[in-house]
Amino acid sequence: MKNKNMIRFITLCLCTLFVSCIIPPADTQANKSQGSLPRVTITGVLAYENGTNIIHWKKVANATSYEVYRSTQKTSGYKKLKKITGTAAKDKSAKALKTYYYKVRAISHSNGPWSKAVSVKTRQKANRIALLGDSVASGFDVYNILRHNEKSYATVSRRVSTVASRDLGTCINYHPDRVYIMVGTNDCVGNGSTRTLRNSMRPYKRMVRRLVSANPNIEIVLMGIGPTRNASNVSNATVNRFNKLVKGLTKEKGDIHYFPTPSYLRDSSGSLAAGYAGADGIHWTPSAYRKVYKKLLKFVKKW
């Protein structure tokens, strides 16, 4: 009798084991049908001028939520920032002028792998803003476009070299948090060769380097010079070549950005639009300054 009971017990155990092998637990079945979660792809981290960082990433199929982690080091020290269901997260607690690294992972019945770390330097509100440039740039001040915390050092008859030698020092003494630079139209007079335009980049680089040296946390916005209209002494082909060289200066050390001024002033032919052109075809109308300024404020809001 005992042997029969033992045989029945062993048979029952073997049957249970067999069933458990061919039918996995419910949660395992769910994971199998769902599949493993892929790695999150962060599409960018934007630093806003008010000091907020916003992380964006692509949606992951079957994810129910996402965990965002933050660190001041790339490979260690990550701490959970928040858990959300969307594909963007705000970080309002980051300290100004400090670099942070972010990682994101998808969550469902299990945790997905970490995304690659993406970093950004938190910005601080610019309390003092300066403008350097030539007679075209001076129009922002002439037409009362600038705000109370923006001071113009732009004046007439300025080439890049004269701004660097005459105006830069005074601007630095103002201790600005952000500087807009728009100069170069006079350097393009005569439709200069690329070699001539490259020579203008030397004092331009010196300006950038001196500004960064005086304030390592300064924000520098290099504004492309505007297009022209029926101005035989300054062609748009030359303007375009000059602006391309200016854009290349964003690779210099520092928080440097290029603002595409011409894109807001051109007509379909690539020239300065008639409604924005002054009598000489080079300087702008007040409406042009208002439009560029509005776009500029939107541009500096985040990057």
Side-chain angles (χ1 to χ4, degrees), residues 47-51 95-99 120-188 197-226 242-243 245-261 289 292-293 295-303:
Y48 282 69
E49 64 177 343
N50 64 0
K95 294 183 179 180
L97 307 178
K98 196 167 185 177
T99 298
V120 71
K121 183 178 179 180
T122 307
R123 297 168 65 188
Q124 67 175 0
K125 184 177 180 180
N127 294 313
R128 289 190 175 192
I129 301 172
L131 170 67
L132 281 167
D134 51 24
S135 59
V136 180
S138 69
F140 288 102
D141 188 35
V142 171
Y143 294 115
N144 299 312
I145 305 296
L146 301 179
R147 297 182 297 187
H148 70 279
N149 65 332
E150 298 170 335
K151 190 169 183 178
S152 176
Y153 294 93
T155 188
V156 299
S157 302
R158 288 296 192 259
R159 297 170 65 91
V160 176
S161 58
T162 47
V163 170
S165 61
R166 300 184 187 182
D167 308 317
L168 180 61
T170 307
C171 175
I172 289 176
N173 290 337
Y174 176 60
H175 303 294
D177 303 305
R178 181 190 301 152
V179 174
Y180 303 126
I181 306 177
M182 192 174 81
V183 59
T185 301
N186 288 321
D187 295 75
C188 293
L197 299 181
R198 288 187 187 279
N199 288 337
S200 298
M201 294 302 107
R202 294 174 183 173
Y204 215 135
K205 286 183 180 180
R206 289 199 298 270
M207 277 198 293
V208 170
R209 290 170 181 173
R210 283 189 60 190
L211 286 167
V212 173
S213 178
N215 178 5
N217 294 312
I218 196 169
E219 297 179 349
I220 302 176
V221 179
L222 308 180
M223 299 176 64
I225 61 174
F242 182 87
N243 284 337
L245 293 172
V246 171
K247 187 176 181 179
L249 298 181
T250 57
K251 297 178 183 178
E252 291 287 308
K253 182 179 179 180
D255 193 359
I256 309 166
H257 306 267
Y258 175 76
F259 177 75
T261 309
Y289 286 99
V292 170
Y293 185 73
K295 297 294 185 181
L296 181 62
L297 292 184
K298 185 177 180 180
F299 176 81
V300 299
K301 183 179 180 180
K302 61 181 183 296
W303 51 50

What heavy-atom pair brings Ile172 and Ala214 nearest, and what distance separates the two atoms?
CG2-CB, 3.7 Å

Is there a side-chain contact between Leu132 and Val183 (heavy atoms, below 4.5 Å)?
no

Only one of Val208, Leu249, Ile181, Ile218 forms a side chain to side chain contact (heavy atoms under 4.5 Å, CB included) with Ile256, so which one is it?
Val208

Let me see the working for Asn186 and Ser157 under side-chain contact (heavy atoms from CB on, under 4.5 Å), right down to the final yes or no.
CA-CA 8 Å; Asn186 288 321; Ser157 302; 5.5 Å; no

Among all residues two or more places apart in sequence or in another chain, which pass the side-chain hydrogen bond (donor to acceptor under 3.5 Å, both in side chains) test with Arg209?
Glu252

Shortest non-hydrogen contact from Cys171 toward Pro176:
O-CD, 3.3 Å

Distance from Ile220 atom CD1 to His257 atom NE2, nearest 0.5 Å?
9.5 Å

Salt bridge (Lys or Arg N to Asp or Glu O under 4.0 Å) partners of Asp187, counting only residues at least two apart
Arg159

State, with a plain yes or no, whether a side-chain heavy atom of Asp134 is found less than 4.5 Å away from one of Thr162.
no

Working to the nearest 0.5 Å, report the span between OG of Ser161 and CG of Asn199.
10.5 Å

Closest non-hydrogen contact found for Ala137 with Gly133 is CB-CA, 3.9 Å

Selection residues 171-185 - residue pairs positive for side chain to side chain donor-acceptor pair (under 3.5 Å), sequence neighbours left out:
Glu49-Arg178, Arg178-Tyr180, Arg178-Glu219

Excluding sequence neighbours, so at least two apart, what forms side-chain hydrogen bond (donor to acceptor under 3.5 Å, both in side chains) with Thr155?
none

Kindly assign one of parallel, tilted or perpendicular to the pair Phe259 and Phe299, based on the angle between their ring planes and the thresholds 30° and 60°.
perpendicular

Who are the ring pair (Phe, Tyr, Trp, His ring centres under 6.0 Å) partners of Tyr48, not counting sequence neighbours?
none

Side chains of Arg147 and Leu297, heavy atoms from C-beta outward: is any pair under 4.5 Å?
yes

Hey, could you give me the OG/OH distance between Ser138 and Tyr143, rounded to the nearest 0.5 Å?
9.0 Å

Met182 versus Val221: any side-chain heavy-atom pair under 4.5 Å?
no

Taking it one step at a time, do Lys95 and Thr122 satisfy side-chain contact (heavy atoms from CB on, under 4.5 Å)?
CA-CA 7 Å; Lys95 294 183 179 180; Thr122 307; over 6 Å; no

Applying salt bridge (Lys or Arg N to Asp or Glu O under 4.0 Å) to Asp167 and not counting sequence neighbours gives Arg158

Leu222 and Tyr204: side-chain contact (heavy atoms from CB on, under 4.5 Å), yes or no, with the steps?
CA-CA 10 Å; Leu222 308 180; Tyr204 215 135; 3.7 Å; yes

The reported gap from CG in Asn144 to CG in Asp141 (rounded to nearest 0.5 angstrom) is 7.0 Å

Correct closest heavy-atom pair for Lys247 and Thr250 would be O-OG1, 2.7 Å

Taking C-beta and beyond as the side chain, do Val163 and Leu168 meet within less than 4.5 Å on heavy atoms?
no

With a 4.5 Å cut-off on side-chain heavy atoms, are Ile225 and Thr261 touching?
no

Residue Arg198 excluded, over 12 heavy atoms near CZ under 6.0 Å
no

Can you measure from CG (Leu296) to OH (Tyr289) and round to the nearest 0.5 angstrom?
13.5 Å

Taking all non-hydrogen atoms of both residues into account, name the closest pair between Ser213 and Pro216 and its distance.
O-CD, 4.3 Å

All heavy atoms of Gly224 vs all of Asn243, minimum pair found to be CA-OD1, 3.3 Å

Go through the steps for Val160 and Phe242 under the test side-chain contact (heavy atoms from CB on, under 4.5 Å), then give the verdict.
CA-CA 12 Å; Val160 176; Phe242 182 87; 4.1 Å; yes

Out of Lys121, Arg123, Gln124, which residue meets the side chain to side chain donor-acceptor pair (under 3.5 Å) rule with Asn217?
Lys121

How long is the straight-line distance from OG of Ser200 back to NZ of Lys205, given to the nearest 0.5 Å?
12.5 Å

